[in-house]
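Just so you know, ligand 1 is whichever comes first in the structure, and atom 1 is the first atom listed for that ligand. These values consider heavy atoms only, across backbone and side chains, with no hydrogens, waters or symmetry-generated copies. Residue numbers count from 1 along this sequence.
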Amino acid sequence: MDPQAILERLVALEKEVTYQEPPVNGGPPFHHQPGQLPVLLSAPHGALHRRGDRYKREDEYTSALARLLGERTGAHVLYTFARSDDDPNYNRDSPYKDALARLVAAHDIRFIIDLHGMSDRHKFGIAVGTMRGNSCLPQHRATIMTSFQDGGFQQATAREAREFPSLRWERFVVDHRSFTGGIVNHTITRFAAEELGIDAAQFELCAAVRIVRQVGSRALVDDYEGDPEGIMQAVATFEHMVAALA
Ligand SMILES: [Zn+2]
């Protein structure tokens, strides 16, 4: 992999997102990027989304990451490219969830990888949520763990992570109490497992392993840049995971 080409591709894909504007044609704020594998990458928070009476900021670069991984692996992708007037990872009923259900049926999807962004302040790189083991089969959960370990990430407990002096993006946690993937909330992962009857997991990526350079709704007030090595390590790990799950 040519790191520079991959990082620039992520920036180019991310620049297509209109974070604060609804779709110009009045259609849905998400697209399907077709693939050939029975795995679907989902990015429901790629742009602003409304929860209750306020808009929440995008999980920047999750749409770009999902699309890049789709291009490189052949997985299907459902990603947001414009502002949503609901929160597909929170509202029980959502046009995004309806689209997901149609895609799963039409393409015999067996696994959904739902991508999100979390802050660096948690001090770990990635939080995997499997609803405490209820969103996927044990062997799929094991495949996810092995993919991270083979990709150079090490598992940490919540207690260990609390004691990190600063961000350690190469560490991941599984079913951390703040990132369960959905026990009470109507997440995409829970919808997949309970309503669609297929396996899924939620992945929260810290900013350092996701944001090449800020272009989103905060770009004018913040010039944050993630760690290129961390982003490349995350891309390679998810590529292997998609292949292993397929
Ligand atoms: Zn999110």
Side-chain angles (χ1 to χ4, degrees), residues 10 13-14 17-20 22 28-31 40-70 77-97 99-100 112-131 135 144 167 169 172-193 200-212 214-219 222 224 226 230-231 234-235 238 241:
L10 282 171
L13 290 170
E14 188 65 15
V17 181
T18 58
Y19 303 96
Q20 318 207 46
F30 48 81
H31 275 321
L40 184 144
L41 295 146
S42 160
H45 286 168
L48 261 67
H49 45 283
R50 194 168 69 198
R51 192 183 286 190
D53 55 7
R54 71 181 195 97
Y55 284 98
K56 298 194 76 181
R57 250 179 234 294
E58 70 277 2
D59 293 349
E60 200 173 351
Y61 279 89
T62 52
S63 284
L65 204 53
R67 294 178 69 191
L68 175 92
L69 290 167
V77 183
L78 183 63
Y79 66 96
T80 38
F81 67 91
R83 195 185 78 191
S84 295
D85 282 322
D86 77 334
D87 182 346
N89 205 45
Y90 185 81
N91 291 112
R92 185 173 191 134
D93 299 307
S94 163
Y96 186 96
K97 282 179 166 134
L100 201 56
I112 292 175
I113 293 173
D114 194 39
L115 296 177
H116 291 267
M118 65 177 177
S119 157
D120 285 347
R121 75 185 153 81
H122 301 291
K123 297 191 284 188
F124 38 80
I126 295 172
V128 184
T130 70
M131 299 168 63
S135 74
I144 292 167
L167 171 69
W169 59 252
F172 72 101
V173 296
V174 181
D175 290 317
H176 184 287
R177 56 195 279 225
S178 304
F179 304 101
T180 58
I183 301 289
V184 290
N185 287 343
H186 290 287
T187 60
I188 297 295
T189 296
R190 184 175 170 197
F191 175 72
Q202 178 176 294
F203 298 86
E204 296 267 1
L205 280 71
C206 79
V209 301
R210 153 172 72 85
I211 297 178
V212 181
Q214 206 125 40
V215 293
S217 63
R218 288 189 60 78
D222 195 347
Y224 181 91
I231 296 166
V235 167
F238 277 101
M241 189 190 302

message: How close do Lys97 and Arg92 get, counting heavy atoms only, and between which atoms?
response: CD-O, 3.5 Å
field: Member of Tyr90, Phe81, Phe30 meeting the ring-ring contact (aromatic ring centres under 6.0 Å, His included) criterion with Tyr96
entry: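 Of the listed residues Tyr90, Phe81, Phe30, the ring-ring contact (aromatic ring centres under 6.0 Å, His included) partner of Tyr96 is Phe30.
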task: Only counting residues at least two apart or in another chain, list the ones meeting side chain to side chain donor-acceptor pair (under 3.5 Å) with Thr189.
output: none
message: Assess, by modelled atom type and distance only, whether the side chains of His186 and Asp93 contain a donor and an acceptor separated by less than 3.5 Å.
response: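 On atom types as modelled, these side chains do not qualify, holding no pair under 3.5 Å.
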Centroid-centroid distance, Phe179 to His122, less than 6.0 Å: yes
- request: Give the total of protein N/O/S atoms at a distance below 2.8 Å from the Zn ion (ligand 1).
  value: 3
message: What I'd like to find out is whether the side chain of Glu14 reaches to under 4.5 Å of the side chain of Tyr19, using heavy atoms alone.
response: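 Yes, side chains in contact.
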